[in-house]
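Chain naming here is simple, since letters A, B, ... match the order of the sequence lines and numbering starts at 1 in each. This structure is a prediction, so every number in the text was calculated from the model and none was measured.
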Protein chains: 2
Amino acid sequence: MTREAVAATEVFKALGDPIRWNIVQQMAQQEELACSVLEDTLPVSKPTISYHTKILTQAGLIEVRKRGRNYFYSLRREVLRSLMDEMWLLAPGPRLVSSDGEGTGDRAERPVLKAAVGDDTSRSAALLTW
Amino acid sequence: MTREAVAATEVFKALGDPIRWNIVQQMAQQEELACSVLEDTLPVSKPTISYHTKILTQAGLIEVRKRGRNYFYSLRREVLRSLMDEMWLLAPGPRLVSSDGEGTGDRAERPVLKAAVGDDTSRSAALLTW
DNA sequence: GCGTTAGATTGACATTCGTTGAACTACTGA
DNA sequence: TCAGTAGTTCAACGAATGTCAATCTAACGC
């Protein structure tokens with residue numbers, strides 16, 4: 001049980017709740033999200049929202065900015081990207097190319113590398129060209 | 001709270017436990033993992049292992065094969081990949097391109113997740129120039 | 001058959017999680 | 001200064017989670 005594993009699982013755990021996943025998705029749309037918006041869009045009370053945003057903050061997923069008496073949250077996308085990198089090590093393969101297009105579509109299991117960490121990983125990694 | 005969100009959070013929740021994340025990582029190395037191996041490598045009792053593998057199965061992350069009186073688990077990488085796709089929608093951007101190159105640059109700020117130190121993934125982690 | 005082994009299920013327990021009302025803090029505007 | 005507002009923190013609660021000993025089931029070897 002490595003130290004890095006603890007960090008990754010903390011982020012996973014933070015994402016593993018419908019309400020928090022909802023919050024993260026809303027934040028991905030706007031550059032910054034007011035707390036009041038969450039109160040309007042989420043079916044839970046104010047303390048509960050505070051509780052969830054705290055967990056997201058502790059996991060490093062969001063950043064809090066206080067302006068006057070209003071709070072604004074923003075998504076730390078680099079944390080999501082690091083997590084994706086780590087997942088990619090476990091399941092390497094070609095990935096989405098464009099966001100508006102249909103993607104690669106052929107998620108169809110081209111022979112996956114036996115070991116996620118093989119020495120020739122670079123060959124398949126070179127396939128990632130977005 | 002869409003249905004697809006529920007599915008995603010279920011997978012996240014499954015990954016959000018150190019022991020289960022450890023199991024998934026072990027599975028990523030081998031093509032198929034014997035249950036007995038887990039008993040040797042994990043610091044928990046047999047029922048607990050059974051409990052965790054069940055959760056991973058329900059989340060769709062692993063597949064179970066029974067041969068004789070032995071059980072073999074294998075990682076369903078496509079589930080991991082669709083999860084990455086979904087995360088990529090929230091944090092799009094260039095990704096890992098080559099192993100010896102310096103990555104994409106905007107990822108090179110600082111370790112957002114705690115670095116893997118001294119475990120078996122450290123070598124491959126060097127691929128990620130975060 | 002019969003004992004053994006691999007692993008799942010069950011039941012019980014302690015811990016953690018998610019939720020809320022109430023109280024609190026900090027800022028606003030008059 | 002003082003009432004009102006935004007959001008947090010606190011205390012408490014029920015629900016879910018993680019763990020293990022005991023039990024069960026199915027396959028094995030003899």
Side-chain angles (χ1 to χ4, degrees), chain A residues 1-2 5-27 30 32-75, chain B residues 1-2 5-27 30 32-75:
Chain A
M1 226 73 44
T2 68
V6 175
T9 52
E10 192 180 346
V11 182
F12 278 130
K13 200 186 292 185
L15 294 173
D17 178 276
I19 288 191
R20 291 196 290 268
W21 180 239
N22 187 311
I23 292 176
V24 167
Q25 283 186 312
Q26 286 192 55
M27 284 183 188
Q30 280 86 32
E32 213 173 35
L33 189 65
C35 183
S36 56
V37 175
L38 293 179
E39 285 177 40
D40 295 340
T41 56
L42 294 177
V44 288
S45 67
K46 252 189 280 206
T48 304
I49 292 177
S50 206
Y51 165 74
H52 285 299
T53 55
K54 191 183 208 173
I55 287 186
L56 289 171
T57 306
Q58 285 170 346
L61 273 166
I62 69 177
E63 234 162 19
V64 189
R65 187 174 67 90
K66 185 175 180 179
R67 169 97 96 179
R69 60 181 156 179
N70 294 28
Y71 286 66
F72 296 92
Y73 306 104
S74 57
L75 185 60
Chain B
M1 225 77 42
T2 68
V6 174
T9 53
E10 192 180 348
V11 181
F12 279 131
K13 199 186 294 185
L15 294 173
D17 178 277
I19 288 191
R20 292 196 289 267
W21 179 238
N22 187 310
I23 292 176
V24 168
Q25 282 186 312
Q26 287 192 55
M27 283 182 187
Q30 279 87 32
E32 212 173 36
L33 188 65
C35 182
S36 55
V37 174
L38 294 179
E39 286 177 39
D40 295 340
T41 56
L42 295 178
V44 289
S45 68
K46 255 189 277 204
T48 304
I49 292 178
S50 206
Y51 165 74
H52 285 299
T53 55
K54 190 183 208 172
I55 287 186
L56 289 171
T57 306
Q58 284 169 348
L61 272 167
I62 69 177
E63 234 162 18
V64 189
R65 188 174 66 90
K66 184 174 181 181
R67 169 95 97 179
R69 59 181 155 177
N70 294 27
Y71 285 67
F72 297 92
Y73 306 102
S74 56
L75 184 61

Check: Below 4.5 Å, heavy atoms only, C-beta onward: do B/V24 and B/R20 meet side chain to side chain?
Finding: no
Margin query: Less than 4.5 Å apart, side chain to side chain, heavy atoms only: is that true for B/Q30 and B/V37?
Written below: no
What is the distance, rounded to the nearest whole Å, between atom [atom1] of [X] and atom [atom2] of [N]?
X     : N      : atom1 : atom2 : value
A/R65 : D/dA6  : CZ    : P     : 17 Å
B/R67 : C/dA8  : CZ    : C1'   : 20 Å
A/F72 : C/dC27 : CZ    : P     : 14 Å
A/I49 : C/dC17 : CD1   : P     : 20 Å
B/F12 : D/dT17 : CZ    : P     : 17 Å
A/N70 : D/dG7  : CG    : C1'   : 9 Å
A/E39 : D/dT8  : CD    : P     : 8 Å
B/K46 : D/dC24 : NZ    : P     : 16 Å

Residue [X], side-chain atoms from C-beta onward, closest of [options]:
X     : options                : answer
A/T48 : C/dT19, D/dA22, C/dG21 : C/dT19
A/S50 : D/dT9, C/dG7, D/dG18   : D/dT9
A/R69 : D/dT5, C/dT4, C/dG18   : D/dT5
B/Y51 : C/dT9, D/dT8, D/dG18   : D/dG18
A/S45 : C/dT20, D/dT8, D/dT19  : C/dT20
A/P47 : C/dG18, D/dT9, D/dA26  : D/dT9
B/Y73 : C/dT9, C/dA8, C/dA6    : C/dA8
A/C35 : D/dT17, D/dT8, C/dA6   : D/dT8
B/V44 : C/dG7, D/dT19, D/dT8   : D/dT19

Next item on the list: Nearest-nucleotide wise, let me know which of A/K13 and A/K66 is further upstream toward the 5' end of DNA chain C.
Entry: A/K13
Margin query: Using a 4.0 Å heavy-atom cut-off, does B/I55 contact any base of the nucleic acid, only the sugar-phosphate backbone, or nothing at all?
Written below: sugar-phosphate
Margin query: Rounded to the nearest 0.5 Å, what separates atom CG in A/L42 from atom OG1 in A/T48?
Written below: 10.0 Å
Notebook entry, point to check: Measuring from A/N22:CG to A/T41:OG1, what's the distance to the nearest 0.5 Å?
Noted result: 6.0 Å
Check: With nearest nucleotides of DNA chain D determined for B/G68 and B/R20 from heavy-atom distances, which residue corresponds to the more 5′ nucleotide?
Finding: B/R20
Notebook entry, point to check: Can you check whether A/H52 has a side-chain N or O nearer than 4.0 Å to OP1 or OP2 of C/dT19?
Noted result: yes
Next item on the list: Please determine if a side-chain N or O atom of A/K54 lies less than 4.0 Å away from the OP1 or OP2 oxygen of D/dT9.
Entry: yes
Check: Would you say the side-chain atoms of B/T57 pair up with the backbone N or O of B/T53, donor to acceptor, closer than 3.5 Å?
Finding: yes
Next item on the list: Flag yes if more than 12 heavy atoms outside B/R67 fall under 6.0 Å of its CZ atom; otherwise flag no.
Entry: no
